[in-house]
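Written below as structure tokens is the structure these notes are about.
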Amino acid sequence: MTDTSILVWARVYGPSFPMERGISLRSPYVLAFLALLFPLFGVSPLAAQSARAKEVGQHIKCMCKGCDMTAGGCAHPGGAFSGPCDSAKTELRQIDDLLAQGKTEQQIIDAFVAQYGTIAYVEPPKHGFGLVAWIMPFVYFLLGLALVVFIVRKWAMRPAAASPAAASAHNDALDRARAQAARETED
Amino acid sequence: MDVFGSFSLLLAFVCAVYAFVGGIAAIKTRHPLLIKSTRQAGMAACVLIFIATISVEYLFFTDNFSMAYVVSHSNRDLSTFYKVAALWSGQEGSLLFWSTLLSIYILSVLIAYRNKNGELMPYVGVVLAGVQIFFLTLNNFVENPFKTLATVGPSGFLEPFTRMDGNGLNPLLQYPEMVIHPPNLYSGYTGFTIPFAFALAALLARYPGEKWIHLTRKWTMIAWCFQSIGIMLGAHWAYAVLGWGGYWGWDPVENASLLPWLTGTAFLHSVMMQEKRGMMKVWNVWLVFCTFLLCILGTFLTRSGVVSSVHAFANSQIGPWFVGFILITLAVCTVSYIKNRDYLKSENQLDSMVSRESSFLFNNLLFLVACIAVLSGTLFPVFSEWFTNNRISVGAPFFNKVMVPIGLAILFLTGVGPLLAWRKTSADSMKRNFGWPLIVGFLADVFFFAAGYRDLSSLVCFFLCFFVFWTIVMEFYRGAKVISARTGMDLMMSAHELAMRNTRRYGGYVVHFGIVLVFIGIAGVPFNQDVQKTMNLGDSLKLGPYTLTLQTADTKVEKNYTAQRMIIEVLEGKDQKQMMMLYPEKRQFQGNEQAAGTMVAIYSTLRQDLYVVYAGQDPDTNLPVIHAFLNPLVKWIWLGGVWVVMGTLLALMPNRRTALVLAGTATESVPAPAPALTASATLREGHD
């Protein structure tokens with residue numbers, strides 16, 4: 001995109017947009033605003049949380065009860081800050097500490113489950129009652145598959161004489177109903 | 001206006017009860033005047049619901065802050081646009097809106113069939129009135145939107161009380177898509193009431209199974225189309241507003257909207273079995289019953305908050321009502337089925353496991369398994385709490401693991417199913433039909449692998465997408481070539497003509513094409529990247545080919561909110577080519593200190609989306625935090641959604657008569673079709 005098109009973009013956003021006057025970081029207005037907005041000190045604690053903690057945090061629920069997201073992926077929609085909320089940050093720090101102690105991912109998850117209960121792990125556990133959640137889709141599929149195979153075999157074995165005309169000839173009631181439906185409705 | 005609206009809502013209830021009770025009497029007595037009066041009562045109920053809805057909107061527009069609902073969901077500075085949408089931003093209004101949309105369908109049906117299907121319509125009217133009574137009960141007696149504020153006056157009695165201003169609309173809902181997403185989704189939910197009513201009515205009236213299918217074909221497609229649009233818009237809203245970088249989080253409310261869509265899609269397919277082969281009549285009736293029940297369940301899950309917290313269930317007033325209605329409906333359906341199941345006998349046979357019939361069965365199997373898996377996953381936390389007192393979380397990783405294989409299997413059938421012949425498919429025709437698509441799928445995988453998309457499930461998905469795409473292209477090509485040979489039109493015109501001659505079939509292919517595009521988009525998920533960085537002015541962050549530099553920031557004061565806007569320059573590639581400026585915002589709305597809205601800035605290309613969120617200020621340093629995502633192929637999903645809608649609209653159009661086109665063509669000069677074309681023409685016979 002060229003400079004001109006940037007200006008066009010800028011205009012869409014109205015005259016208050018600084019780009020239109022050129023980017024001037026020395027403008028007193030901008031400086032005053034920035035001084036108000038960003039006192040410059042320190043290193044963000046966000047950066048302190050390692051990428052690995054975020055990765056492990058994808059498996060652990062954010063316990064703030066407001067966002068229903070994972071600690072690693074918490075964006076806390078609708079909150080004042082669209083990123084990890086305080087609960088998620090605490091949890092990420094905790095994960096970092098556990099990682100520093102040399103704990104594995106599973107051990108960390110277990111530690112959270114021990115602390116908060118089964119709700120802390122975003123997947124159902126693969127033992128106990130949680131196993132039911134994992135097995136059920138396969139059970140549905142196998143039952144359904146058995147049913148489909150059964151039906152197809154049944155259909156395939158149906159005698160050839162059971163063509164539409166023949167079938168209805170054998171079934172007076174159905175025939176009458178069909179005639180009645182044809183009489184009483186129109187498309 | 002509140003008394004007026006409240007009263008019309010009550011009158012609507014009375015009319016609906018009359019339409020229900022009078023309708024049953026009319027069925028018994030067959031008295032023409034009674035039939036007419038119950039139909040008119042049904043229509044009156046609809047009109048009265050419209051009046052009540054308009055009253056609520058009037059109260060919003062006039063800033064009537066003596067009304068509890070208006071206070072909770074609006075304020076003086078809220079723009080007109082969002083005052084319309086404020087109607088469905090809370091419990092009471094949403095349920096009223098449900099009734100309103102249902103009324104639009106009911107009124108259309110009652111007017112469209114006023115002089116038709118005289119014997120069946122009283123049954124339909126009774127079923128529709130029954131559904132309407134349930135929602136009007138909620139509107140009138142459980143979640144009434146016309147409640148006024150009151151305070152204890154000096155005399156010790158309650159006195160009306162008016163607030164100066166309202167609490168405002170939830171910031172997350174102040175986005176244009178929120179104005180159109182719920183109406184679409186709710187139109188989908190309510191729309192399935194019509195096929196349900198006809199199915200149940202036909203069963204009660206002892207009509208053979210095919211009749212109601214024929215009558216409700218278009219209604220089902222309309223409802224399905226709205227539901228698809230609603231789901232798509234919901235996903236897009238989540239993507240563009242919530243600012244977490246994704247569009248589908250397997251949230252209970254999202255799942256609730258997916259459930260009836262899955263059974264509805266299964267139904268749209270198995271209907272063809274019944275139309276073409278007279279099979280699966282019982283199945284179709286139950287499928288439409290289940291779709292309707294899932295619509296009610298979806299509304300219940302969305303509105304009651306039962307899944308996000310089991311305790312909300314106890315507190316919510318509407319829970320027992322919904323459970324009661326679902327159980328009653330289920331009982332009515334079961335009893336009618338048991339009594340009249342003889343009228344749903346299947347008639348046909350098939351010869352092979354490899355046939356169109358069995359592919360439809362597998363299609364239905366997969367959609368149903370998908371539906372039950374999503375349903376049980378969504379409800380599992382509730383069950384686990386009931387059974388073990390421990391709440392087990394079922395989050396996105398579970399759904400992804402379970403649904404990805406099912407989704408891929410459905411995609412596979414999308415390609416294979418339509419090309420299998422009815423009854424039995426020969427090995428020869430399979431080779432002819434699937435040879436090229438397999439090669440194209442393989443070539444696509446080579447391309448994507450070389451382009452760096454190295455993930456097994458994604459590669460399987462790309463393979464299947466291009467496989468299906470090529471089967472669709474071949475279908476159009478073969479048909480168009482036949483028409484082109486007969487009429488002398490070029491291939492593009494012939495393809496158009498082909499689609500217009502059999503709109504349902506080729507509309508279906510267009511929908512399939514849209515689904516392919518959606519799957520291409522979904523296959524990009526494993527390659528998402530993101531960086532979150534606290535940035536000072538002039539700082540840069542790198543993400544994929546892009547370099548993002550925070551240039552400056554400003555503040556915009558609007559009527560209803562104040563926005564902090566980050567101005568970010570995007571450079572691309574090694575040569576740092578200037579691409580564009582992005583302006584992610586954070587909006588702080590009036591009247592609500594805690595809640596804020598994000599406006600994500602997205603630079604979207606077919607290859608990838610650069611998705612930039614201004615997360616807010618770092619609480620410790622007060623520096624802005626920028627969260628940038630690189631999401632490959634997302635745009636394909638929205639494009640796919642557009643194709644799905646266009647395909648459905650095509651399928652809704654009436655077929656063009658063949659004779660009109662052939663009339664002007666010379667007969668002698670038509671060359672004999674090539675053997676392959678003859679085969680494909682034969683193949684199409686009996687197809688939908």
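In what follows, every chain begins at residue 1, and chains take the letters A, B, ... in the order their sequences are listed.
Between A:Lys54 and B:Asp530, at least one side-chain nitrogen of the basic residue sits less than 4.0 Å from a carboxylate oxygen of the acidic one, meeting the salt-bridge criterion.
Note: B:Ile406 CD1 to A:Tyr140 OH = 10.5 Å, rounded to the nearest 0.5 Å. Atom CG of B:Leu365 and atom CG of A:Leu145 lie 6.0 Å apart (nearest 0.5 Å). A distance of 9.0 Å separates CG in B:Asp251 from CE in A:Met69, rounded to the nearest 0.5 Å. To the nearest 0.5 Å, atoms CZ (B:Phe399) and CD (A:Glu123) are separated by 11.5 Å. Within the model, atoms OG1 of A:Thr118 and CD1 of B:Ile392 stand 5.0 Å from one another, a figure rounded to the nearest 0.5 Å. Taking CZ of A:Phe129 as the reference point, atom CD of B:Glu385 lies at 11.5 Å (rounded to 0.5 Å).
Checking side-chain atoms of B:Ser393 against main-chain N and O of A:Val122 turns up no donor-acceptor pair under 3.5 Å.
Proximity to chain A (any heavy atom under 4.5 Å) is restricted, for B:Phe387, to the side chain, taken from C-beta onward. Residue B:Leu368: no heavy atom, backbone or side chain, is found under 4.5 Å from chain A. For B:Ser384, the parts lying near chain A are the backbone and the side chain together; criterion is any non-hydrogen pair under 4.5 Å. Contacts of B:Val394 with chain A are made by both backbone and side-chain atoms, with heavy-atom separations under 4.5 Å.
Residues A:Ser82 and B:Val613 come closest through the heavy atom pair CB-CG1, 4.3 Å. Taking both residues in full, the closest heavy atoms of B:Ala615 and A:Gly83 are given as CB-N, 4.4 Å, listed atom of the first, atom of the second, then distance.
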Practice problem: Kindly determine whether A:Val132 and B:Phe380 satisfy side-chain contact (heavy atoms from CB on, under 4.5 Å), including the steps that lead there. | Solution: CA-CA 9 Å; A:Val132 176; B:Phe380 195 78; 4.2 Å; yes
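Of the listed residues (A:Tyr121, A:Phe138, A:Trp134), the greatest number of heavy-atom pairs within a distance under 4.5 Å of chain B belongs to A:Trp134. Ranked by non-hydrogen atom pairs under 4.5 Å with chain B, the options A:Gly144, A:Pro124, A:Cys74 are led by A:Pro124.
More than 12 heavy-atom neighbours from other residues, nucleotides or ligands sit within 6.0 angstrom of CG on B:Asp539.
Counting only heavy atoms from C-beta outward, the side chains of A:Pro137 and B:Met403 never approach each other to under 4.5 Å.
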